[in-house]
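Everything on this sheet refers to the single structure shown next.
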Amino acid sequence: MTFETVELHKAHEGLQGVYRHASTATGGSMTFALYLPPQARAGKVPLVTYLSGLTCSHANVMDKGEYRKAAAEHGIAILCPDTSPRGEGVANDDAYDLGQGAGFYVDATQAPWAPHFNMWTYVTEELPALIAAHFPLDMSRQGITGHSMGGHGALTVALRHPGRFRSVSAFAPIVAPARVPWGQKAFPAYLGADPAKWRRHDAVALIEDGARLAEILVDQGTADNFLEGQLKPELLKAACDRAGIDLTLRLQEGYDHSYHFISTFMASHIGWHAMRLKS
């Protein structure tokens, strides 16, 4: 449960850190970013975890997400894990949507991925335990969000841990990966050919199977080139309507899938989480 500090920067009177540690879950070195707002100097602060999308690491949202000003204003820490294990000896694929940078927040059971690609255990167990032991965080007040593949991760993690998170949001999430090409490629590779095993990592399927959350916030750009083929927010809306889940689905006119979209609405999401994370 030890780590090393890679970077540390003052920002909006708080501290933006980047840290590296040896991970048991992934069998190698993992890097994460953690922003502590100035309020953390006086005591424990609530935490929002941001899960990134395909091809990203902790650095994409840290550099482009524009979360620090709002996080400092609301007194919220922001955790940004990596999207997969990396490095020599870790399996990879030439495509952007499988392998390093594309862990899909599952625990792989299939070769060659199983030895290292255990991102579910990493983001739900190992990393939370590490940061809780070393930083002034109130782990009883947690929210989770994410983008695209990370939106998929945020929704599925929250649906399977309904008592852990007081707030859940997503930017352009893959809501039903078992029904779209990204998931139909990644899930057989990581989890095997049985579609029944994919349902535990599919937000729409989890809701259909009885998982519940009180409310969800989703922002989706209407000019997103993945909207119709990969994201399909209408499937989440239909599932939430049937289940009685309060889904706020905001279709943002003209916005695409990039960090220009995410950074535009990041402060709104942090404010939404802050209202639900008050003590």
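What you see below is based on every heavy atom in this structure, not just the backbone, and it leaves out hydrogens, waters and symmetry mates.
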Which atom of Leu159 lies closest to which atom of Ala211, heavy atoms considered: O-CB, 3.9 Å

Nearest heavy atoms of Pro162 and Leu213, plus distance in Å: CA-CD2, 4.4 Å

Interatomic distance, Arg276 atom CZ to Leu217 atom CG [nearest 0.5 angstrom]: 8.0 Å

Pair Tyr19 and His134, ring centroids less than 6.0 Å apart: no

Rounded distance [0.5 Å steps], OG1 in Thr31 versus CZ in Arg86: 9.0 Å

Gap between atom OG of Ser167 and atom CD of Glu215 - 0.5 Å precision: 8.5 Å

Ring center gap for Tyr50 and Tyr67 short of 6.0 angstrom: no

Ring-ring centroid check His152 His201, cutoff 6.0 Å: no

Nearest heavy-atom neighbours spanning Pro37 and Gly75: CG-C, 3.6 Å

CA sep, side-chain torsions, deciding dist, call: Leu36, Leu137, side chain to side chain contact (heavy atoms under 4.5 Å, CB included): CA-CA 9 Å; Leu36 290 176; Leu137 302 171; 3.9 Å; yes

Candidate list His9, His12, Gln16, Glu73, test side chain to side chain donor-acceptor pair (under 3.5 Å), partner Arg68, passing option: Gln16

Under 3.5 Å donor-acceptor, Gln39 side chain and Ala72 backbone: yes

Short side-chain to backbone donor-acceptor contact, Gln184 and Ala178, under 3.5 Å: yes

Atom of Glu126, atom of Ala22 and distance for their closest heavy-atom approach: OE2-O, 4.3 Å

Gln100 CD to Asp82 CG distance, which is reported to the nearest 0.5 Å: 9.5 Å

Check: Phe3 ring centre within less than 6.0 Å of Phe135 ring centre: yes

Aromatic plane relationship, His257 with Trp182 - under 30° parallel, 30 to 60° tilted, over 60° perpendicular: tilted

N/O donor-acceptor pair under 3.5 Å between Tyr190 side chain and Gly99 backbone: yes

Donor-acceptor contact present, side-chain Arg166 to main-chain Ala274, <3.5 Å: no

Any side-chain heavy-atom pair of Val123 and Tyr105 under 4.5 Å: yes

Same apolar cluster (I L V M F W Y, side chains within < 4.5 Å links), Ile245/Ile144: yes

Rounded distance (nearest 0.5 Å) linking atom CD1 of Ile174 with atom CG of Leu235: 13.0 Å

Side chain to side chain, Trp113 and Asp93, heavy atoms closer than 4.5 Å: yes

Side-chain donor or acceptor of Arg199 paired with backbone N/O of Pro195 under 3.5 Å: no

Side-chain touch Asp219/Ser169, heavy atoms, less than 4.5 angstrom: no

4.5 Å side-chain heavy-atom contact, Asn225 and Asp256: no

Aromatic ring pairing His269/His273, orientation class (parallel under 30°, perpendicular over 60°, tilted between): tilted

Expected output: side-chain Thr49 to main-chain Leu79 donor-acceptor under 3.5 Å: no

Ring centres under 6.0 angstrom apart (His147, Phe226): no

Backbone N/O of Met30 and side chain of Tyr122: donor-acceptor pair under 3.5 Å: no

ILVMFWY cluster, Leu51 and Ile131 together (side-chain gap under 4.5 Å): yes

Val106 and Phe187, any side-chain heavy atoms less than 4.5 Å apart: yes

Pair Lys197 + Asp194, salt bridge at N-O below 4.0 Å: no

OG on Ser84 to CE on Met119, rounded to 0.5 Å: 6.5 Å

Smallest separation among heavy atoms of Ala71 and Ile78, with atom names: CB-CG1, 3.8 Å

Whether Arg212 side chain and Ile207 backbone form a donor-acceptor pair below 3.5 Å: yes

Flag, side chain of Arg141 to backbone of Leu277, donor-acceptor distance under 3.5 Å: yes

Heavy-atom check, side chain of Thr156 versus side chain of Leu206, under 4.5 Å: yes

Hphob cluster co-occupancy, Met275 + Leu247, side-chain heavy atoms under 4.5 angstrom: no

Connected via hydrophobic side-chain network under 4.5 Å: Leu236 and Leu249: yes

Aromatic plane relationship, Phe261 with Tyr255 - under 30° parallel, 30 to 60° tilted, over 60° perpendicular: tilted

Stacked cation flag Arg200 on Trp120, 6.0 angstrom / 45 deg: no

Heavy-atom closest contact (Ala193 atom, Trp198 atom, distance): O-CZ2, 4.0 Å

Side chains of Met266 and Thr145 in contact at under 4.5 Å (non-hydrogen atoms): no

Donor + acceptor pair across side chains of Ser268, Arg250 (<3.5 Å): yes

Cys56 backbone acceptor or donor facing Thr83 side chain under 3.5 Å: yes

Side-chain heavy-atom pair Arg179, Val204 within 4.5 angstrom cut-off: yes

Joint cluster assignment, Val90 & Leu98, ILVMFWY side-chain distance < 4.5 Å: yes

